[in-house]
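Okay, structure first, notes after.
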Amino acid sequence: MKRAMTIAGSDSGGGAGIQADLKTFQELKVFGTSALTAVTAQNTLGVQGVFPMEPEAVASQIQSVGEDIGTDALKTGMLFNAGIIQAVSEKIKQFGWEKVVVDPVMIAKGGASLLQQEAVSALKNQLLPLCLIITPNIPEAEVLTGMSIRSMDDKKEAAKRIHALGVKNIVIKGGHDTETNESVDILFDGKEFVFFSTPRIETNNTHGTGCTFSAAITAQLAKGSSVREAVSIAKEFIQAAIANPLGIGNGHGPTNHWAFNSKTESGVISWQE
Ligand SMILES: Nc1ncnc2c1ncn2[C@@H]1O[C@H](COP(=O)(O)OP(=O)(O)OP(=O)(O)O)[C@@H](O)[C@H]1O
Ligand SMILES: Cc1ncc(CO)c(N)n1
(Lines give C-alpha, C1' and ligand atoms only; values in the text may rest on other atoms or scores of the structure.)
(Ligands and ions follow the chains in the order given, each with its own letter.)
Protein backbone atom coordinates (compact mmCIF):
# COMPACT_ATOMS: atom_id res chain seq x y z
CA MET A 1 0.00 0.00 0.00
CA LYS A 2 1.37 3.41 -0.93
CA ARG A 3 1.49 6.04 1.77
CA ALA A 4 1.06 9.82 1.69
CA MET A 5 1.56 12.27 4.56
CA THR A 6 0.10 15.72 5.09
CA ILE A 7 1.80 18.27 7.34
CA ALA A 8 -0.91 20.90 7.70
CA GLY A 9 -3.49 22.64 9.84
CA SER A 10 -6.85 21.29 10.94
CA ASP A 11 -10.00 22.89 9.50
CA SER A 12 -12.86 22.14 11.90
CA GLY A 13 -15.25 22.79 8.99
CA GLY A 14 -13.84 19.79 7.13
CA GLY A 15 -13.37 21.42 3.72
CA ALA A 16 -9.70 22.48 3.79
CA GLY A 17 -6.52 21.61 5.66
CA ILE A 18 -5.76 18.16 6.94
CA GLN A 19 -9.38 17.03 6.55
CA ALA A 20 -9.40 17.84 2.81
CA ASP A 21 -6.02 16.16 2.40
CA LEU A 22 -7.01 12.90 4.09
CA LYS A 23 -10.31 12.72 2.18
CA THR A 24 -8.39 13.21 -1.07
CA PHE A 25 -5.80 10.56 -0.14
CA GLN A 26 -8.62 8.15 0.63
CA GLU A 27 -10.35 8.76 -2.72
CA LEU A 28 -7.09 8.29 -4.60
CA LYS A 29 -6.43 5.08 -2.69
CA VAL A 30 -3.28 5.85 -0.76
CA PHE A 31 -2.89 5.40 3.00
CA GLY A 32 -2.94 8.85 4.60
CA THR A 33 -0.96 9.97 7.64
CA SER A 34 -0.77 13.44 9.17
CA ALA A 35 1.23 15.83 11.32
CA LEU A 36 -0.88 18.68 12.65
CA THR A 37 0.71 22.16 12.62
CA ALA A 38 -2.22 24.12 14.02
CA VAL A 39 -5.82 23.80 15.03
CA THR A 40 -8.14 26.32 13.41
CA ALA A 41 -11.69 27.06 14.49
CA GLN A 42 -13.13 27.48 11.03
CA ASN A 43 -16.29 27.03 8.98
CA THR A 44 -17.53 28.07 5.53
CA LEU A 45 -17.94 31.67 6.78
CA GLY A 46 -14.33 32.18 7.88
CA VAL A 47 -11.65 31.51 10.46
CA GLN A 48 -12.69 32.19 14.05
CA GLY A 49 -9.48 31.08 15.78
CA VAL A 50 -5.91 29.87 15.12
CA PHE A 51 -4.05 27.77 17.69
CA PRO A 52 -0.56 26.75 16.49
CA MET A 53 1.26 23.67 17.77
CA GLU A 54 4.74 23.90 19.27
CA PRO A 55 7.44 23.13 16.64
CA GLU A 56 8.55 20.24 18.85
CA ALA A 57 5.06 18.71 18.67
CA VAL A 58 5.12 18.92 14.87
CA ALA A 59 8.61 17.36 14.72
CA SER A 60 7.53 14.58 17.07
CA GLN A 61 4.51 13.63 14.92
CA ILE A 62 6.68 13.49 11.79
CA GLN A 63 9.25 11.40 13.64
CA SER A 64 6.57 8.91 14.73
CA VAL A 65 5.25 8.51 11.19
CA GLY A 66 8.72 8.44 9.62
CA GLU A 67 10.35 5.88 11.89
CA ASP A 68 7.56 3.32 11.64
CA ILE A 69 5.20 3.86 8.73
CA GLY A 70 7.31 5.93 6.35
CA THR A 71 5.85 7.76 3.38
CA ASP A 72 6.01 7.60 -0.41
CA ALA A 73 5.24 11.32 -0.80
CA LEU A 74 4.25 14.22 1.43
CA LYS A 75 2.67 17.63 1.24
CA THR A 76 2.81 20.67 3.44
CA GLY A 77 -0.09 23.09 3.87
CA MET A 78 -0.59 25.68 6.61
CA LEU A 79 2.72 25.99 8.51
CA PHE A 80 1.97 29.26 10.32
CA ASN A 81 5.36 30.28 11.70
CA ALA A 82 9.14 30.11 11.19
CA GLY A 83 9.67 27.66 14.06
CA ILE A 84 7.33 25.10 12.50
CA ILE A 85 8.90 25.61 9.05
CA GLN A 86 12.33 24.93 10.52
CA ALA A 87 11.13 21.79 12.33
CA VAL A 88 9.46 20.44 9.18
CA SER A 89 12.49 21.20 6.99
CA GLU A 90 14.83 19.40 9.41
CA LYS A 91 12.64 16.29 9.45
CA ILE A 92 12.36 16.18 5.66
CA LYS A 93 16.16 16.31 5.47
CA GLN A 94 16.60 13.72 8.24
CA PHE A 95 14.40 11.17 6.46
CA GLY A 96 15.73 12.08 3.00
CA TRP A 97 12.22 12.50 1.57
CA GLU A 98 12.22 13.77 -1.99
CA LYS A 99 8.61 13.65 -3.21
CA VAL A 100 7.70 16.81 -1.33
CA VAL A 101 4.82 19.05 -2.43
CA VAL A 102 4.67 22.49 -0.82
CA ASP A 103 1.35 24.33 -0.93
CA PRO A 104 2.54 27.72 0.37
CA VAL A 105 -0.68 28.52 2.23
CA MET A 106 -0.68 32.16 3.36
CA ILE A 107 -4.18 33.61 3.64
CA ALA A 108 -7.58 31.89 3.98
CA LYS A 109 -10.36 32.97 1.59
CA GLY A 110 -11.95 35.23 4.21
CA GLY A 111 -8.63 37.06 4.79
CA ALA A 112 -7.29 35.34 7.95
CA SER A 113 -3.50 34.92 8.02
CA LEU A 114 -2.35 31.29 8.02
CA LEU A 115 1.36 32.19 7.70
CA GLN A 116 3.05 34.93 9.70
CA GLN A 117 4.66 37.54 7.46
CA GLU A 118 8.08 37.08 9.02
CA ALA A 119 7.94 33.35 8.19
CA VAL A 120 8.05 33.93 4.42
CA SER A 121 11.85 34.09 4.37
CA ALA A 122 12.09 30.79 6.33
CA LEU A 123 9.75 29.24 3.77
CA LYS A 124 11.90 30.50 0.90
CA ASN A 125 15.29 29.70 2.39
CA GLN A 126 14.66 26.46 4.28
CA LEU A 127 11.70 24.59 2.81
CA LEU A 128 11.60 25.52 -0.87
CA PRO A 129 15.03 24.07 -1.71
CA LEU A 130 13.76 20.70 -0.37
CA CYS A 131 10.59 20.53 -2.43
CA LEU A 132 9.83 18.81 -5.72
CA ILE A 133 6.70 20.83 -6.55
CA ILE A 134 5.33 24.10 -5.22
CA THR A 135 1.70 25.07 -5.89
CA PRO A 136 1.16 28.80 -5.20
CA ASN A 137 -2.06 30.60 -6.10
CA ILE A 138 -1.59 34.00 -7.73
CA PRO A 139 -1.37 36.11 -4.52
CA GLU A 140 1.10 33.60 -3.01
CA ALA A 141 3.24 33.70 -6.17
CA GLU A 142 3.21 37.50 -5.87
CA VAL A 143 4.51 37.33 -2.29
CA LEU A 144 7.21 34.80 -3.22
CA THR A 145 8.45 36.85 -6.18
CA GLY A 146 7.66 40.43 -5.15
CA MET A 147 6.08 41.04 -8.58
CA SER A 148 2.48 41.66 -9.49
CA ILE A 149 0.84 39.04 -11.70
CA ARG A 150 -1.77 40.22 -14.19
CA SER A 151 -1.15 38.31 -17.43
CA MET A 152 -0.05 34.89 -18.61
CA ASP A 153 3.40 36.38 -19.33
CA ASP A 154 3.55 37.55 -15.70
CA LYS A 155 2.69 34.01 -14.52
CA LYS A 156 5.51 32.61 -16.64
CA GLU A 157 7.97 35.18 -15.32
CA ALA A 158 6.90 34.43 -11.74
CA ALA A 159 7.39 30.69 -12.33
CA LYS A 160 10.92 31.38 -13.60
CA ARG A 161 11.71 33.48 -10.53
CA ILE A 162 10.45 30.77 -8.16
CA HIS A 163 12.51 28.21 -10.09
CA ALA A 164 15.53 30.43 -9.41
CA LEU A 165 14.84 30.00 -5.67
CA GLY A 166 15.76 26.33 -6.11
CA VAL A 167 12.32 24.76 -6.68
CA LYS A 168 12.28 22.05 -9.35
CA ASN A 169 8.64 22.30 -10.48
CA ILE A 170 6.27 25.22 -10.09
CA VAL A 171 2.49 25.12 -10.58
CA ILE A 172 0.90 28.57 -10.54
CA LYS A 173 -2.83 28.00 -10.06
CA GLY A 174 -5.42 30.00 -11.92
CA GLY A 175 -8.30 29.96 -9.42
CA HIS A 176 -7.88 33.68 -8.62
CA ASP A 177 -7.83 34.72 -12.28
CA THR A 178 -11.53 35.54 -12.22
CA GLU A 179 -11.45 37.69 -15.39
CA THR A 180 -11.08 34.62 -17.63
CA ASN A 181 -13.63 31.89 -18.38
CA GLU A 182 -10.96 29.18 -18.14
CA SER A 183 -9.08 28.28 -14.96
CA VAL A 184 -5.54 27.73 -16.24
CA ASP A 185 -2.80 26.21 -14.05
CA ILE A 186 0.71 26.47 -15.46
CA LEU A 187 3.50 23.99 -14.74
CA PHE A 188 7.14 24.99 -15.24
CA ASP A 189 9.94 22.44 -14.80
CA GLY A 190 12.81 24.79 -15.54
CA LYS A 191 12.64 24.04 -19.26
CA GLU A 192 9.08 23.79 -20.52
CA PHE A 193 5.71 25.27 -19.71
CA VAL A 194 2.65 22.99 -19.68
CA PHE A 195 -0.83 24.48 -19.32
CA PHE A 196 -3.77 22.69 -17.68
CA SER A 197 -7.05 24.36 -18.46
CA THR A 198 -10.66 23.70 -17.46
CA PRO A 199 -13.81 25.79 -17.85
CA ARG A 200 -14.17 28.16 -14.87
CA ILE A 201 -17.14 27.16 -12.73
CA GLU A 202 -19.27 30.00 -11.33
CA THR A 203 -19.63 28.93 -7.72
CA ASN A 204 -19.23 29.88 -4.09
CA ASN A 205 -18.06 26.37 -3.22
CA THR A 206 -14.30 26.74 -3.49
CA HIS A 207 -13.26 26.35 0.14
CA GLY A 208 -10.16 24.14 0.24
CA THR A 209 -9.59 23.89 -3.51
CA GLY A 210 -5.84 24.49 -3.13
CA CYS A 211 -5.50 21.91 -0.33
CA THR A 212 -7.41 19.30 -2.30
CA PHE A 213 -5.42 19.99 -5.48
CA SER A 214 -2.01 19.65 -3.79
CA ALA A 215 -3.16 16.55 -1.87
CA ALA A 216 -4.20 14.92 -5.16
CA ILE A 217 -0.77 15.69 -6.67
CA THR A 218 0.85 14.13 -3.58
CA ALA A 219 -1.29 10.97 -3.76
CA GLN A 220 -0.42 10.53 -7.43
CA LEU A 221 3.30 11.01 -6.78
CA ALA A 222 3.07 8.40 -4.01
CA LYS A 223 1.63 5.95 -6.54
CA GLY A 224 4.46 6.62 -8.98
CA SER A 225 2.99 9.20 -11.38
CA SER A 226 5.34 11.62 -13.10
CA VAL A 227 5.04 15.26 -12.08
CA ARG A 228 3.11 16.10 -15.24
CA GLU A 229 0.70 13.19 -14.88
CA ALA A 230 0.17 13.96 -11.18
CA VAL A 231 -0.77 17.58 -11.94
CA SER A 232 -3.08 16.51 -14.76
CA ILE A 233 -4.97 14.03 -12.56
CA ALA A 234 -5.13 16.55 -9.70
CA LYS A 235 -6.67 19.08 -12.10
CA GLU A 236 -9.32 16.53 -13.08
CA PHE A 237 -9.92 15.71 -9.43
CA ILE A 238 -10.46 19.34 -8.39
CA GLN A 239 -12.62 20.14 -11.41
CA ALA A 240 -14.99 17.30 -10.55
CA ALA A 241 -14.93 18.30 -6.87
CA ILE A 242 -15.86 21.94 -7.64
CA ALA A 243 -18.47 21.02 -10.27
CA ASN A 244 -20.50 18.83 -7.87
CA PRO A 245 -21.07 20.93 -4.73
CA LEU A 246 -22.57 19.46 -1.57
CA GLY A 247 -24.59 22.43 -0.31
CA ILE A 248 -22.86 22.53 3.09
CA GLY A 249 -22.65 25.68 5.22
CA ASN A 250 -23.75 29.26 4.55
CA GLY A 251 -20.55 30.69 3.07
CA HIS A 252 -17.79 29.33 0.81
CA GLY A 253 -18.81 25.67 0.82
CA PRO A 254 -16.44 22.71 0.60
CA THR A 255 -15.77 20.80 -2.59
CA ASN A 256 -16.98 17.27 -3.25
CA HIS A 257 -14.19 14.74 -2.73
CA TRP A 258 -16.32 11.83 -3.99
CA ALA A 259 -17.03 13.35 -7.39
CA PHE A 260 -13.83 12.28 -9.19
CA ASN A 261 -14.56 8.61 -8.68
CA SER A 262 -18.13 8.97 -9.96
CA LYS A 263 -17.49 10.95 -13.12
CA THR A 264 -16.55 9.81 -16.60
CA GLU A 265 -15.24 12.82 -18.50
CA SER A 266 -12.42 15.04 -17.26
CA GLY A 267 -12.86 18.25 -19.22
CA VAL A 268 -9.12 19.01 -18.72
CA ILE A 269 -7.38 20.47 -21.73
CA SER A 270 -3.59 20.45 -21.52
CA TRP A 271 -1.04 21.84 -23.90
CA GLN A 272 2.64 22.56 -23.94
CA GLU A 273 4.63 25.47 -25.30
N1 LIG B 1 -14.04 28.50 -10.14
C2 LIG B 1 -13.20 27.55 -10.52
N3 LIG B 1 -13.47 26.79 -11.61
C4 LIG B 1 -12.60 25.82 -12.00
N5 LIG B 1 -11.45 25.56 -11.39
C6 LIG B 1 -11.11 26.29 -10.30
C7 LIG B 1 -11.96 27.32 -9.81
N8 LIG B 1 -11.39 27.86 -8.70
C9 LIG B 1 -10.25 27.19 -8.51
N10 LIG B 1 -10.05 26.25 -9.46
C11 LIG B 1 -8.95 25.29 -9.56
O12 LIG B 1 -8.73 24.80 -8.23
C13 LIG B 1 -7.34 24.61 -7.99
C14 LIG B 1 -6.92 25.46 -6.80
O15 LIG B 1 -6.76 26.80 -7.24
P16 LIG B 1 -6.91 28.10 -6.36
O17 LIG B 1 -6.21 29.18 -7.09
O18 LIG B 1 -8.36 28.29 -6.01
O19 LIG B 1 -6.14 27.67 -5.04
P20 LIG B 1 -6.09 28.34 -3.62
O21 LIG B 1 -6.43 29.79 -3.72
O22 LIG B 1 -4.79 27.98 -3.06
O23 LIG B 1 -7.27 27.59 -2.84
P24 LIG B 1 -7.63 27.67 -1.25
O25 LIG B 1 -6.78 28.73 -0.62
O26 LIG B 1 -9.08 27.92 -1.18
O27 LIG B 1 -7.34 26.29 -0.72
C28 LIG B 1 -6.64 24.96 -9.30
O29 LIG B 1 -6.46 23.77 -10.04
C30 LIG B 1 -7.62 25.91 -9.98
O31 LIG B 1 -7.46 25.92 -11.39
C1 LIG C 1 -6.26 24.74 8.02
C2 LIG C 1 -6.35 25.39 6.70
N3 LIG C 1 -5.37 25.15 5.80
C4 LIG C 1 -5.42 25.74 4.58
C5 LIG C 1 -6.45 26.59 4.23
C6 LIG C 1 -6.47 27.26 2.87
O7 LIG C 1 -7.54 26.91 2.14
C8 LIG C 1 -7.46 26.81 5.20
N9 LIG C 1 -8.52 27.63 4.95
N10 LIG C 1 -7.38 26.20 6.41
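Every number for a ligand or one of its atoms is a count from 1 in the order of the listing. Being a predicted model, the structure only gives us computed values, none of them experimental.
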Worksheet item: Any idea which residues sit under 4.0 Å from ligand 1, heavy-atom distances?
Response: Lys109, Asn137, Lys173, Gly175, His176, Ser183, Asp185, Pro199, Arg200, Ile201, Thr206, Gly208, Thr209, Gly210, Cys211, Phe213, Lys235, Ile238, Gln239, Ile242
Worksheet item: Does the side chain of Phe196 come within less than 4.5 Å of Val184's, by heavy atoms?
Response: no
Worksheet item: Arg3 versus Val30: any side-chain heavy-atom pair under 4.5 Å?
Response: no
Check each atom of ligand 2 against the heavy atoms of [X] and keep those under 4.0 Å away; list them by number with element.
X: Ser10; value: 1 (C)
X: His207; value: 9 (N)
X: Gly9; value: 1 (C)

Practice prompt. Start with the C-alpha gap between Asp11 and His207, add the side-chain angles, then the distance that decides, and say whether side-chain hydrogen bond (donor to acceptor under 3.5 Å, both in side chains) holds.
Written response: CA-CA 10 Å; Asp11 168 13; His207 178 59; 2.8 Å; yes
Practice prompt. Start with the C-alpha distance between Arg150 and Asp177, add both sets of side-chain angles, then the distance that settles salt bridge (charged side-chain N to carboxylate O under 4.0 Å, His left out), and finish with yes or no.
Written response: CA-CA 8 Å; Arg150 301 268 172 275; Asp177 223 349; over 6 Å; no
Fill in: Test item, Cys211 contacting ligand 2 (heavy atom, 4.0 angstrom)
yes
Worksheet item: Non-hydrogen atoms of Gly15 versus ligand 2: any pair closer than 4.0 Å?
Response: no
Discussion item. Between Lys75 and Ser214, do the side chains contain a donor N or O and an acceptor N or O under 3.5 Å apart?
Written reply: yes
Worksheet item: Between Glu182 and Ser197, do the side chains contain an N or O donor and an N or O acceptor separated by less than 3.5 Å?
Response: yes
Worksheet entry | Identity and distance of the protein heavy atom lying nearest atom 5 (C) of ligand 2 | Leu114 CD1, 3.6 Å
Response to the item:
The protein heavy atom nearest to atom 9 (N) of ligand 2 is Gln42 OE1, 2.8 Å
Discussion item. I'd like to know if Glu27 pairs up with Lys23 as an ion pair, taking the criterion as any Lys NZ or Arg NE/NH1/NH2 lying under 4.0 Å from an Asp or Glu carboxylate oxygen.
Written reply: no
Worksheet item: What residues, two or more places apart in sequence or in another chain, satisfy side chain to side chain donor-acceptor pair (under 3.5 Å) together with Thr76?
Response: none
Worksheet item: Is the Lys NZ or Arg CZ of Lys156 less than 6.0 Å from the centre of Phe193's six-membered ring, within 45° of the axis?
Response: yes
